[in-house]
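Values reported hereafter were calculated over all heavy atoms of this structure, with side chains retained and with hydrogens, waters and symmetry mates removed. Just so we're on the same page: letters track the sequence lines, and every chain starts at 1.
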Amino acid sequence: MDISHILNDLNDKQREAVSAELTNLQILAGAGSGKTRVLVYRITWLIEVEKVSPFNLLAVTFTNKAAHEMHQRIEKMVGLIANNMWIGTFHSLAHRLLRAHFKEANLSQNFQVIDADDQYRLIKRIMRDAGLDEAKWSPKQAQWYINSQKDEGLRPKDSAENVYDEFTEVMLKIFQRYEEICQQSGLVDFSELLLRAFELWRDHPEICLHYRKRFKYILVDEFQDTNSLQYEWLKLLAGQESKIMIVGDDDQSIYSWRGARIDNMHSFIKDFPDTKIIKLEQNYRSTGTILKAANTLISHNNARLGKNLWTASQEGDPIAVYAAFNDIDEARFIADQIKQWQEQGNRLSECAILYRSNAQSRVLEDAFIQAGIPYRIYGGLRFFERAEIKDTLAYLRLISQITDDAAFERIINTPTRGIGLRTVDFLREQAKQTQQSLWATAKQVTHLQLLPARALSALSNFLNLIENLANAIQCLPLPEQVEHVIHQSGLYHHYQNEKGEKGRARLENLEELVTAAKQFEPEETIANSKLTAFLTHAALESGETQADSYSDCAQLMTLHSAKGLEFPLVFLAGMEEGLFPHQMCLEEANGLEEERRLCYVGMTRAMKKLYLCYAESRFLHGKEKSQRSSRFISELPPSCLAEIRMRTQISQPLSLKSKSATLVPIENEKYQIGQYVKHAKFGSGIIINREGSGAKARLQINFEQVGSKWLMTEYADLETL
DNA sequence: GACGCTCTCATTTTT
DNA sequence: TGAGAGCGTC
């Protein structure tokens with residue numbers, strides 16, 4: 001048999017991993033070492049060489065994007081038989097199991113998946129109902145508590161033993177009530193998907209055995225991101241017989257704040273004693289310099305599994321460090337560099353600006369607009385998270401499962417139809433007493449005429465509306481169901497009345513939803529109706545942030561969302577103590593190490609050229625703040641860095657207190673603070689403005705570029721104000 | 001029920 | 001600084 005097409009384009013280590021004997025495998029795959037390739041080729045190897053049926057394969061990822069990509073690449077290698085294997089995220093696989101075994105999992109057939117926002121609303125409502133002081137107990141906290149309990153595999157009854165303080169007591173109470181409501185309404189949140197799926201196997205060994213026999217080979221991507229529950233789930237599935245291959249990089253674990261446990265990588269070796277460990281250390285992405293710097297940085301972390309990336313590619317340019325005067329100057333500098341990059345004939349989409357927190361994007365955007373650089377920001381509201389979309393989906397949810405109280409509450413008065421808070425409160429109270437869904441309660445209340453006439457008529461109009469919608473769409477194909485609901489619910493009309501750009505965008509989104517329904521093809525009929533499948537799809541796969549723009553754009557995103565991507569030109573902006581590493585992380589145990597890993601992730605995104613930027617002072621929370629440059633910069637080998645030291649060079653010769661100086665170029669024109677000014681005769685400089693002692697000065701600064709550095713050659717005090 | 005005022009708060013985010 | 005939530009008023 002010819003196996004060259006599988007092995008030829010792999011290096012020794014990759015080949016070793018791909019063609020390893022049928023045992024448990026732990027692949028430590030450094031950044032840019034061909035991790036996905038190894039996974040895909042291993043699957044191909046199993047199918048073509050080891051003659052494993054795709055039916056016996058399970059591949060697990062964390063994001064839908066990764067799952068899709070893997071599926072496509074496998075299909076390219078082995079053809080359509082790839083469709084026989086299960087590939088998906090932990091959540092989508094768990095969901096699939098629960099649909100198949102809803103009875104054993106104690107769920108209703110039409111159970112709905114709710115996203116984090118739905119969950120938040122539900123919790124908030126519960127807390128209000130319970131009359132909890134919102135200043136003292138925040139819904140966010142409660143949400144975090146509930147999810148982290150579930151992520152540890154704990155139910156309220158498990159946590160009940162550990163109540164020692166008021167906080168836990170209150171949280172537990174909310175947790176309990178939350179569970180009751182979800183169970184009653186047939187709602188399943190993200191953590192619940194995993195926990196239920198776990199319990200399904202734990203409590204029904206026969207079902208577990210069935211899947212154990214089926215999935216003889218399990219492959220897990222980004223294993224360093226698994227939480228306790230996901231790992232337990234995998235262990236349960238693997239049992240003694242199945243073989244697991246995990247691929248991960250402990251140095252790129254940046255989600256511990258979300259429950260991910262790097263420890264799972266250590267545990268794996270203990271829990272699966274015959275595990276073979278293979279390290280992929282050859283990096284195909286970055287230059288030698290970037291890699292050397294990244295390696296040095298991450299070596300400051302303790303408790304690593306240990307691995308050192310190397311590359312056969314060239315040294316490349318040094319890493320440029322730019323000390324900006326302030327955030328505006330930083331943004332301007334980045335925009336300038338990007339402009340130059342573009343003028344050299346490169347594409348904008350090849351550069352990424354990475355930052356620690358979303359708030360940083362604003363100044364960058366301003367600078368890009370000014371410089372006329374098109375950009376794209378990742379993050380923000382995703383398609384299925386938009387209010388108008390969620391409203392429509394809530395109608396559909398309620399129709400497909402009438403017990404869905406969360407959906408009921410969302411739309412009972414959206415668009416407004418005269419059902420006020422009082423009516424809703426009354427319904428809630430009644431529902432609580434009778435242990436019924438809001439829908440059933442509302443039916444009863446209208447029947448028994450328990451409300452004032454006006455409220456009663458509004459309520460029964462609403463009930464009729466839902467019933468009519470349900471009848472009308474029963475036999476329609478999915479896209480028409482969606483369209484019908486959008487119009488007949490009054491939502492379309494409602495958003496039509498919203499003025500301005502916003503309203504138009506919303507209508508467009510609603511139309512887009514119909515299109516999405518048209519294009520929606522459920523992978524398999526796991527759900528009992530296409531509508532249910534579509535609703536789940538919407539919850540599990542919240543969609544892209546923006547419709548794909550094909551124009552050439554600079555890419556702005558947080559460091560977290562840059563994971564898994566690569567760019568020829570990368571800027572890390574805001575390399576300041578307190579911002580990166582973030583203040584809040586410094587207060588947590590092991591917080592600093594995770595920040596360092598985040599920096600490592602950021603640096604290793606860069607292929608050719610990397611810039612590290614920090615601002616001497618920055619506007620934050622409405623105040624100007626000065627921070628030292630990030631310790632991460634000082635942890636890098638100086639030989640890898642080239643500083644662009646404008647600020648230091650200026651401040652030294654200035655006899656004025658730098659905090660009270662205003663720099664402007666020669667002509668007395670209007671310039672913005674932070675603006676970079678070039679003057680034919682006097683060179684170039686940056687305008688800063690600091691309030692301090694009260695004294696202000698107007699200065700002219702001349703610069704000269706010497707090698708890769710900017711040096712101040714002379715300055716003149718033009719005028720003292 | 002819409003609008004506007006005030007208050008608070010401010011990492012990272014997939015599913 | 002500025003977004004979002006809550007609250008009071010018309």
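Comparing the P positions of C:dA5 and B:dT12 gives a spacing of 16 Å, expressed to the nearest Å. Of the C1' atoms belonging to B:dT11 and C:dG6, the separation is 25 Å, rounded to the nearest Å.
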*asked:* I need a per-nucleotide contact map over nucleotides 7-15 of chain B, read 5' to 3'. Cutoff is protein heavy atoms under 4.0 Å; write B for the base, S for backbone only, - otherwise.
replied: ---BBBBBB

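The salt bridge (charged side-chain N to carboxylate O under 4.0 Å, His left out) pairs that include a residue from residues 577-593 of chain A are A:Glu577-A:Arg631, where partners are two or more places apart or lie in different chains.
Between A:His300 and A:Phe632, the distance from one ring center to the other does not fall under 6.0 angstrom.
Taking the centre and axis of the six-membered ring of A:Tyr120, the NZ or CZ atom of A:Lys140 falls inside the cone set by 45° and 6.0 Å.
Heavy atoms of A:Lys625 sit nowhere under 4.0 angstrom from any nucleic acid atom. Residue contacts for A:Arg128: at a heavy-atom cut-off of 4.0 Å it reaches the sugar-phosphate backbone alone, with no base atom in range. Here A:Gly420 lies out of heavy-atom contact (under 4.0 Å) with every strand. Residue A:Arg597 is classed as having no contact, given no heavy-atom separation below 4.0 Å to the nucleic acid.
Using a 4.0 Å cutoff to heavy atoms of chain A, the contacted part of DNA chain C runs 5' to 3' from C:dT1 to C:dG6.
When every heavy atom of A:Asp189 is checked against every heavy atom of A:Glu192, the shortest pair comes out as OD1-N, 2.6 Å. Between A:Glu152 and A:Ser228, the shortest heavy-atom contact is OE2-OG, 3.3 Å. Here the closest heavy-atom approach between residue A:Phe383 and residue A:Asn509 is recorded as CZ-O, 3.6 Å.
Using a 4.0 Å cut-off between a side-chain N of Lys or Arg and a carboxylate O of Asp or Glu, A:Lys625 and A:Glu576 do not qualify as a salt bridge. In this structure, A:Asp251 does not pair ionically with A:Arg597, as no charged nitrogen and carboxylate oxygen lie closer than 4.0 Å.
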